[in-house]
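All remarks here apply to the structure that follows.
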Amino acid sequence: MIRLKKRKWDTVVVGSGAAGLNAADRLWQYGVRDLALVTEDMNAGTSRNTGSDKQTYYKLSLAGETRDSVRQLAKALYDGGCVDGEHALCEAALSCRAFYRLVELGVPFPHNPYGEYVGYKTDHDPCERGTSVGPYTSRSMTEVLERAVREKEIQILDGYQVIRILSRNEMLYGILCLNCKEESYELILCTNLVYAVGGPAGIYKDSVYPVSQFGASGLAFEAGVCGKNLTEWQYGIASLRPRWNVSGSYMQVIPRVISTDANGREEREFLLDYYKSREAMMNMVFLKGYQWPFHAGRAAKGSSMIDLLVYRETCVRGRRVWLDYRNNPGSRPVEWEKLSSETRDYLVHAGADAPTPYERLCRLNSPAVSFYREHGVDLEREMLEIAVCAQHNNGGLAVDGWWQSNVEGMYVAGEAAATYGITRPGGSALNAGQVGSMRAAEAIAARKERKRVWTIREDKEMERIARERIVMGELAADRGYADAARWREATQNMSRYGAMMRNPSGICHMREEIRKDLKELLSLGKDTGQGEHIENDHNSDISVISEKADTERIHRLSQVYRYYDMRLCQKVYLDAMADYQNHGVKSRGSAIYEEEPGAPDQITIPELVTFSLDGPDGRDHDDVVQEIHYVGPEVPCECRWRPVRKLEDIRENESFEVVWKAFRESTGKNP
């Protein structure tokens, strides 16, 4: 007999990354006490397990004579394209408040003796707004925020995997969870939900997301949450073991780039086949450190050609690609005078004009060397395998100015929330997660006196939906549905057809496969006979299937529910990509859409792709936003395009008295 336990909270936070922990901490700070945090694993997730050579936190400039303002920062965010003005303005206006909260909690952001928090420039950043505590900035954030949450004794349900979001008529009712520690199910009814599950990390095989991170956006689409800008991602070169961005100094020291056959033999410096000279190639490898994310506009004549050539070796020619820090390109000494002044001056002034890439990396950024050594890769003695990987989704679940989705009561924060578009300044995601979770907490707290009452009919309906999902999972697990081979094929195809390179025929084929997959899975949930074996358990503290949890079976169940979410998510993202191309939008940002040759102004990469930019600068459609709704497993999603909500349309320069009056009348609770 499978027992279904029921609980109620006013507000539930899902996710234990920097955004989820901040949401819980802020909710408590603002007076919300009927509160719980749900997480699959407190120590998993992107915030705690990823980074780069110098992981950046992006905020308003707080040092020196650099001119900056909230509106200037908002414009830098808004200028990424397909960005709604209210999100850019909120993330700019609240960046200092969020930043100083982290400082007070103990994140050791560097400042000078006078208290100025110095900064540096990052991608798409006109000012020196970036700051860092090293490669693990986000980990430091999660550590101090977790401590704050535990000090408040906020209820934490660790080991709980969300397997269904319960909603009806765009109203939230709660979530259904698999308790992976007890092999049980819990139906949690709640008025408010802060969904901070990260990006859809599990949909790609070639990924720089940590292996512990999967995401759960598919369940949100199923619950009726609208998607926005799903086609806009960041892809870039990363190591495969461990998963890590090889940005910044990893490329600026100009390692030798080679490919081999599947067994690590037949070495070739394939980049030399494309560039006219060794030095021209070396200059582009150097620039790749500055310009880590792939960008279609930099493909033909810029550093993003490196990404395309790596992709061609791995995905078209079936070879493996490596960075070799033991030897210079061409396996001969660097002739510094032949390099560009930008490359030469940077390395010489940094004292990094050493004989080998390894020595240059030691001088330029010794922690970067230590990181790989700590993870079992000695760059002094062995090569580092790389690929072009998915790194960050700039789109996601659509939210309003208080980070509430179109489903009433459901808020989204962190990478799961769609507050970016085509590009974004490097490091802005960490600030967005803090600001978005703060805004959601403020909105919930402003309404905390309102109490929801569920009718008996609503209770029964939610139990019925929960039973269907449980039966689906139980039967699919018994049949070994989400085995490793099935998972590998699904994610491998997504990396090949729906990542940096968007192949129309491959996308069409995948959509049909997913349709069949989802139909088969959902049909299992209609087994009414199995549903009779689920019993409500309203009173016991622990609900179990057996006296002793079967670890192997729990793993199979967990994988089934993850697989279902992943396929749901792939369907919505692929439908968005197909609609994008049907709408007439061309290649832009971090993705290339393959075309048949013959049109004017096309760019052709031999053996790989022919494509066109979306206008001369790739920005012909950056003033419109694509939104998408999941309708069902067997029909295409519904898409619509709307104008961006413009930053310049948001009123400014209101007098203090006007703002103060509105603030008093709302008692400081704008929602």
Side-chain angles (χ1 to χ4, degrees), residues 51-58 61 66 76 79-80 118-132 134-135 137 208 233-239 244-257 271 275 279-311 323 325 329 334 336 339-354 357 360-361 363-365 367-369 371 384 386 388-389 391-392 394 422-430 500 589-590 617-618:
S52 63
D53 71 323
K54 185 168 66 178
Q55 193 183 25
T56 300
Y57 190 103
Y58 189 72
S61 297
T66 302
D79 284 349
V118 295
Y120 55 86
K121 283 191 176 183
T122 183
D123 306 333
H124 308 290
D125 170 26
C127 301
E128 295 180 344
R129 296 183 177 125
T131 186
S132 173
T137 301
V208 76
W233 282 77
Q234 279 190 182
Y235 305 99
I237 295 172
S239 59
W244 197 254
N245 293 345
V246 285
S247 57
S249 53
Y250 288 115
M251 301 303 285
Q252 288 166 332
V253 299
I254 319 175
R256 179 172 172 252
V257 185
L271 296 182
Y275 290 97
E279 285 70 31
M281 179 269 290
M282 292 169 71
N283 288 331
M284 284 302 167
V285 172
F286 171 83
L287 280 177
K288 188 76 257 182
Y290 277 125
Q291 301 169 349
W292 179 82
F294 171 79
H295 196 286
R298 298 190 188 119
K301 298 179 181 179
S303 62
S304 287
M305 179 55 70
I306 302 289
D307 304 82
L308 290 176
L309 296 174
V310 169
Y311 180 92
L323 297 183
Y325 290 90
V334 175
W336 296 99
L339 296 177
S340 69
S341 58
E342 182 178 11
T343 304
R344 180 180 61 252
D345 292 350
Y346 180 88
L347 291 170
V348 170
H349 291 163
D353 52 338
R360 294 194 285 273
L361 188 58
R363 293 187 187 183
L364 192 63
N365 188 357
V369 176
F371 168 81
L384 182 68
I386 62 169
V388 180
C389 297
Q391 188 257 357
H392 189 276
N394 285 355
I422 304 167
T423 63
R424 62 179 178 82
S428 54
L430 293 182
M500 177 183 75
S590 211
D617 57 359

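All of these numbers come straight from a predicted model, not from anything done at the bench.
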What is the minimum heavy-atom distance between [X] and [Y], and which atoms define it?
{"X": "Ser304", "Y": "Pro293", "value": "OG-O, 4.0 Å"}
{"X": "Gly589", "Y": "Ile422", "value": "CA-CG2, 3.5 Å"}
{"X": "Ala352", "Y": "Leu364", "value": "CB-CB, 4.2 Å"}
{"X": "Asp125", "Y": "Gly130", "value": "OD2-N, 4.3 Å"}
{"X": "Gly426", "Y": "Thr122", "value": "O-CG2, 3.0 Å"}
{"X": "Asn365", "Y": "Ser249", "value": "ND2-OG, 3.0 Å"}

Is the closest side-chain heavy-atom distance between [X] and [Y] below 4.5 Å?
{"X": "Gln291", "Y": "Arg298", "value": "yes"}
{"X": "Tyr275", "Y": "Asn283", "value": "no"}
{"X": "Val334", "Y": "Arg360", "value": "yes"}
{"X": "Thr56", "Y": "Thr131", "value": "no"}
{"X": "Met281", "Y": "Pro329", "value": "yes"}
{"X": "Leu347", "Y": "Leu339", "value": "no"}
{"X": "Leu430", "Y": "Ser428", "value": "no"}
{"X": "Met500", "Y": "Leu308", "value": "yes"}

**Message:** Strictly below 4.0 Å, N to O, side chains only: are Asp307 and Lys288 in salt-bridge contact?
**Reply:**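 Lys288 and Asp307: salt-bridged.
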**Message:** Quick one, Asp353 with Arg344, criterion side-chain contact (heavy atoms from CB on, under 4.5 Å). Give me CA distance, side-chain angles, the key distance, then yes/no.
**Reply:** CA-CA 8 Å; Asp353 52 338; Arg344 180 180 61 252; over 6 Å; no
To the nearest 0.5 Å, how far apart are [atom1] in [X] and [atom2] in [Y]?
{"X": "Leu323", "Y": "Ile386", "atom1": "CG", "atom2": "CD1", "result": "4.0 Å"}
{"X": "Tyr58", "Y": "Arg129", "atom1": "OH", "atom2": "CZ", "result": "4.0 Å"}
{"X": "Ile254", "Y": "Leu287", "atom1": "CD1", "atom2": "CG", "result": "9.5 Å"}
{"X": "Thr423", "Y": "Asp79", "atom1": "OG1", "atom2": "CG", "result": "8.5 Å"}
{"X": "Tyr311", "Y": "Tyr235", "atom1": "OH", "atom2": "OH", "result": "10.5 Å"}
{"X": "Met284", "Y": "Thr343", "atom1": "CE", "atom2": "OG1", "result": "9.0 Å"}

Any donor and acceptor pair, going by atom type alone, linking the side chain of [X] with main-chain N or O of [Y] inside 3.5 Å?
{"X": "Ser132", "Y": "Gln55", "answer": "yes"}
{"X": "Tyr250", "Y": "Pro255", "answer": "no"}
{"X": "Trp233", "Y": "Gln391", "answer": "no"}

**From CA spacing to verdict: side-chain contact (heavy atoms from CB on, under 4.5 Å), Val257, Ile306** = CA-CA 10 Å; Val257 185; Ile306 302 289; 6.0 Å; no
**Request:** Please work out which of the three classes, parallel, tilted or perpendicular, describes the rings of His124 and His295, given edges at 30° and 60°.
**Result:** tilted
